[in-house]
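First comes the structure, then the notes that go with it.
Quick caveat: nothing in here was measured; it's all calculated off a predicted structure.
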4 protein chains.
Amino acid sequence: MEQEPSGSGADGHGAPPRRTAGRPRSESARRSVLGAAYAILEEGGIEDFSIDRVARLSGVARTTIYRWWPSKAVLAIESFLEQFGPQLAVPRGEAPDQDFRALVRALAAALAGPAGRVAASVVAHAQSDEETQRLFRENFSDPLRTQAAELLERGITHGVFRSDLDIPRVIDAFVGAVYFRLIIGSSLGPDWADALSETILNGCR
Amino acid sequence: MEQEPSGSGADGHGAPPRRTAGRPRSESARRSVLGAAYAILEEGGIEDFSIDRVARLSGVARTTIYRWWPSKAVLAIESFLEQFGPQLAVPRGEAPDQDFRALVRALAAALAGPAGRVAASVVAHAQSDEETQRLFRENFSDPLRTQAAELLERGITHGVFRSDLDIPRVIDAFVGAVYFRLIIGSSLGPDWADALSETILNGCR
Amino acid sequence: MEQEPSGSGADGHGAPPRRTAGRPRSESARRSVLGAAYAILEEGGIEDFSIDRVARLSGVARTTIYRWWPSKAVLAIESFLEQFGPQLAVPRGEAPDQDFRALVRALAAALAGPAGRVAASVVAHAQSDEETQRLFRENFSDPLRTQAAELLERGITHGVFRSDLDIPRVIDAFVGAVYFRLIIGSSLGPDWADALSETILNGCR
Amino acid sequence: MEQEPSGSGADGHGAPPRRTAGRPRSESARRSVLGAAYAILEEGGIEDFSIDRVARLSGVARTTIYRWWPSKAVLAIESFLEQFGPQLAVPRGEAPDQDFRALVRALAAALAGPAGRVAASVVAHAQSDEETQRLFRENFSDPLRTQAAELLERGITHGVFRSDLDIPRVIDAFVGAVYFRLIIGSSLGPDWADALSETILNGCR
DNA sequence: GTGTAACCGAGACGGTACGTCTTGTCTTGTG
DNA sequence: CACAAGACAAGACGTACCGTCTCGGTTACAC
């Protein structure tokens, strides 16, 4: 979001950096804001999150924040995605059912830490804001589902999973289970993750 | 909440209603507040919800609200539970798998309406408030899980479901799926509910 | 105030104790309230004075206080008068000018202590409440003026003071001076009192 | 208060207006607040005075008032001083005793009107607030005393008043008398003022 | 004795105001 | 232009009192 192509050297094939007139946006301000926002989310959840606090902590003027982020929800989720987005490595091994187990474990583990608290906060809030919902879906939910879908399809072609598998529903089930436990404040340990995997895989074979 | 032992016919051994000294709590005020709170939740979610607004809409003084509800989160969830709590009738027919399908359908249907929006709002908020989380769990989540568990156990004894079924995980899966779709803003139609039931039941047999 | 005809044997000209039907007023409650009220005034002035606080400190129900004192101003001044009223002994010696000096000293001394803080608080508030103003005038200001007037008249008949002395104005001057210093927060030591006496007596001879 | 050096032409020695960054304070808001504050004081005394009411009447946000005035006492006295401060013109004629009479009359007259009610309210409150007391003393009491002192000194040098006159005490006496009558709710007519002047002047000659 | 009347306690209720915190907009001056 | 600084209107927060209003119990005198 708000990605500035300015710095990316890849577009050097002719298109100039497209520097519009006036003072360019301060990249350092942007980073300060997102960093401070995430720090606040991590320590106090969305409850303690306010534009004022982000401004104070980041040293960036409130006006500047308002110029670039339309609402506190968007700022919160952007700061979360920037940190969390690249964190989930989907496994790709030989046995699809083992991969599935690993995926569930990885998701549970990622959300068990402090990032989970942030995720819960942010997604909770998302529910009231179209834009935030979209950002979450596009940058977090959809990629995860896509990767999971590929894994399941691989299982089908390998003959490990039944051919009439309703892939989206399977994904609904395991992602939903993890997320619901997160919201409810229940633990997300590896034992629980494995038990869930087993239950779901039972229906896939 | 604030249950008056007065009405419980069980103590018919002579114990008088035990009215404590002082002006008794106004039942009409309590109802007005919960009603207004639910109305606000229904139309604008938790975002537009404030004690001030509830006070104005209900015609009850703000101080009176604070006397009985410690925080806006608790008021919100209580107003939701009062409306939604008794809404979910768990089916009890001959075929446990049919019953399961009906249960998933009922849950999805209940949350597909305006109550869903409220539920999402409220549960979202729960995540940052211990007390709200507890209220939600005790009054909504736990009863639902208990009833679902009984249904699944019946299925096992009837020989319809496998005997090594991990009941809590099955429940995690279908409740989580419904709730996640709700949060994400995806549809919760009967077709989707049936597809989910089928996927999960596949693992139960 | 709240004159109790019950005990006063002096009115034995026929009027019986006139005990009206019903439970009689609790004398202990009355005393607790006035005592607590004065204690609060002494430590925090009128600023910290509230019916709630008096009720809490005295252990008397708020309703009971409201039954007997129409406003917090009246309660404050009554509690003050009960303590301060009998405190000022007007001297009666041989030399009227010496007596005057002693009177001014006594007034200044009485108001220099903690009671002064209370007096200032209370009289300050009096200005906005008819009833309080009347109570202060009748129970404090008028008696003081009457006694001072007698003293000055004695001085005239003794030939120490000029015969055309405008007694009320003299009293305005010295009482006003003391009170103004009190309000302004200036000291009220004996030296200042003597200097004031001298200045005023200069105009009396 | 809050004096803006910008307008004072005296600092034309090079110091620029020194406009600090950020949006400048709204002069119109300041005026609205002080005006509304005085209007409320005039009609209901300090009893009806509240920041809320001032905000409503002035149309200025409550937060803005709190930004500039630390307490309601300070706001009250400032609004009073702004109106009343320049109102008292001290006479300067040939005969010092005539001037004194005129001064007492002027003071009494000024406080006899609606401003008197405000003054009484405000000064009454001053007694519990250090800051208010200071403001009243510096901006009202001290200037008045200074001018009165000059008048009396002129009388001494002219030989009209005795040379050993204790000037501060004389001022205590007449200012106190006026203020005490004000608080007590007694009239402050010209006849009374003249009688007071005569009584005090008797001691000055 | 038994009313009945006025008391006292407890505490809920509708209100007003408090002083603080955020939100989002605006209005300056500087880089 | 971007940005820092900060004023502004709006409005919610949770608390303290206000004065009124039920209630349940407690004394008294009066029949």
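In this structure, B:T64 contributes its side chain and B:V60 its backbone to no donor-acceptor pair below 3.5 Å.
Distance, C:I46 CD1 to F:dC17 C1': 15 Å, rounded to whole Å. Protein atom NZ of B:K72 is 10 Å distant from nucleotide atom P of F:dA12, rounded to whole Å. Regarding C:R53, its CZ atom lies at a distance of 7 Å from the P atom of F:dC17, rounded to whole Å. Straight-line distance from the CG atom of B:D48 to the P atom of F:dG11: 13 Å, rounded to whole Å. One atom, CD1 of B:I65, and another, C1' of E:dC13, lie 12 Å apart when rounded to the nearest Å. Counting to the nearest Å, the P atom of E:dG19 and the CH2 atom of D:W69 are 15 Å from each other. Distance CG (D:L75) to C1' (E:dC18): 14 Å, rounded to an integer number of Å. The separation between B:E47 atom CD and E:dG24 atom P is 10 Å, rounded to whole Å.
Of the candidates E:dT25, E:dC26, F:dG14, F:dG14 carries the atom nearest the B:Y66 side chain, counting heavy atoms from C-beta on. When each of E:dT28, E:dA10, E:dT22 is scored by its nearest atom to the side-chain atoms of A:D52, the top-ranked nucleotide is E:dT22. Comparing F:dA5, E:dC26, E:dC13 by their closest approach to the side chain of D:R23 singles out E:dC26.
Projected onto DNA chain E by closest heavy-atom contact, C:T63 and D:P70 fall at different nucleotides, the more 5' of which corresponds to C:T63. Place A:G59 and C:S50 on DNA chain F by their nearest nucleotides, and A:G59 ends up nearer the 5' end. Comparing B:A29 and A:I51, the nucleotide of DNA chain E nearest to each residue sits closer to the 5' end for B:A29.
Side chain B:R62 to base E:dG15: no donor-acceptor pair is found below 3.5 Å.
D:R56 has a side-chain polar atom (N or O) that falls below the 4.0 Å cut-off from OP1 or OP2 of E:dA17. Residue C:T64 places no side-chain N or O under 4.0 Å from the OP1 or OP2 atom of E:dC7. Within the 4.0 Å cut-off from OP1 or OP2 of E:dC8, at least one side-chain nitrogen or oxygen of C:R67 is found. Phosphate contact (OP1/OP2 of F:dC8, side-chain N/O of D:W68, threshold under 4.0 Å): present.
Among the atoms of the strands shown, only primed sugar atoms or phosphate atoms (P, OP1, OP2) are found under 4.0 Å from some heavy atom of A:S26.
Taking the side chain as every heavy atom from C-beta outward, D:R30 and D:E82 approach each other to under 4.5 Å.
Between C:S79 and C:A76 the shortest heavy-atom distance is OG-O, 2.9 Å. Scanning all heavy atoms of the two residues, the minimum distance from D:R62 to D:I51 falls at CG-CG2, 3.9 Å.
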Please step through side-chain contact (heavy atoms from CB on, under 4.5 Å) for the pair D:V33 and D:W69, ending with a clear verdict. CA-CA 10 Å; D:V33 169; D:W69 291 276; 3.5 Å; yes
